[in-house]
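The structure under discussion appears below in the form of structure tokens.
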Amino acid sequence: MQHVSTKGPAKCAICGEVETQPGSFPNVVGVGRVCLTDGMKKVKCEACGNEIKLLTSSKLQGRTLCLSDHMKEIEKFRQHLVTVFDEDNETAQSILSRAYSEAPEGYTLLTVRRGRNSTHVWEAEYEKTEVFQMRCS
Ligand SMILES: [Zn+2]
Ligand SMILES: [Zn+2]
């Protein structure tokens with residue numbers, strides 16, 4: 001277990017420098033807290049090849065990624081997606097058919113249901129098609 005404490009100064013994950021003011025070192029996902037000198041250093045995104053500041057990068061499964069590639073990777077791991085429709089804007093009929101016809105790429109519609117504690121919000125739940133097929137075969 002990694003214990004993240006908000007109290008006490010953090011140590012730079014790269015050079016080991018200790019911050020002078022608690023909370024002044026920014027956190028880089030997958031790397032840890034880094035000093036500003038290291039944070040401004042350029043790193044290369046391993047997905048698109050763009051040079052980015054370490055500060056705006058993140059590390060996912062050992063790969064350095066820019067923010068947009070990080071989001072894409074995260075998306076790949078997401079097995080479920082929920083899209084929200086509002087009956088105030090369109091009819092339930094239209095929501096139902098749109099939920100089906102506008103399924104995100106690679107996802108299969110599981111269910112369309114009323115949003116919790118709401119009389120006009122609908123939620124369409126999708127499951128990653130590969131997962132869906134695995135479960136159904
Ligand atoms: Zn440092
Ligand atoms: Zn990138």
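Starting from 1, each residue takes its place in the sequence as its number. As the structure lists them, so they are numbered: ligands from 1, and atoms in each ligand from 1.
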Glu46 side-chain N/O to Arg63 backbone N/O, donor-acceptor pair under 3.5 Å: no
OG-CD distance between Ser94 and Glu87, expressed to the nearest 0.5 angstrom: 10.0 Å
Vertex the Zn ion (ligand 2), rays to SG in Cys45 and SG in Cys66 - rounded to 10°: 120°
Atoms (protein N, O or S; no water) under 2.8 Å from the Zn ion (ligand 1): 4
Thr83 side, atom OG1; Glu102 side, atom CD - distance, nearest 0.5 Å: 9.5 Å
Tyr126 side-chain N/O to Glu105 backbone N/O, donor-acceptor pair under 3.5 Å: no
The Zn ion (ligand 2) contact by Asp69, N, O or S atom under 2.8 Å: yes
Exam field: side chain Glu19 to backbone Ala10, donor-acceptor pair closer than 3.5 Å: yes
Pairwise distance OG1(Thr64) to CD1(Ile52) - rounded to 0.5 angstrom: 7.5 Å
Contact check: His70 to the Zn ion (ligand 2), N/O/S below 2.8 Å: no
Within-4.5 Å side-chain heavy-atom neighbours: Cys35 and Ile14: no
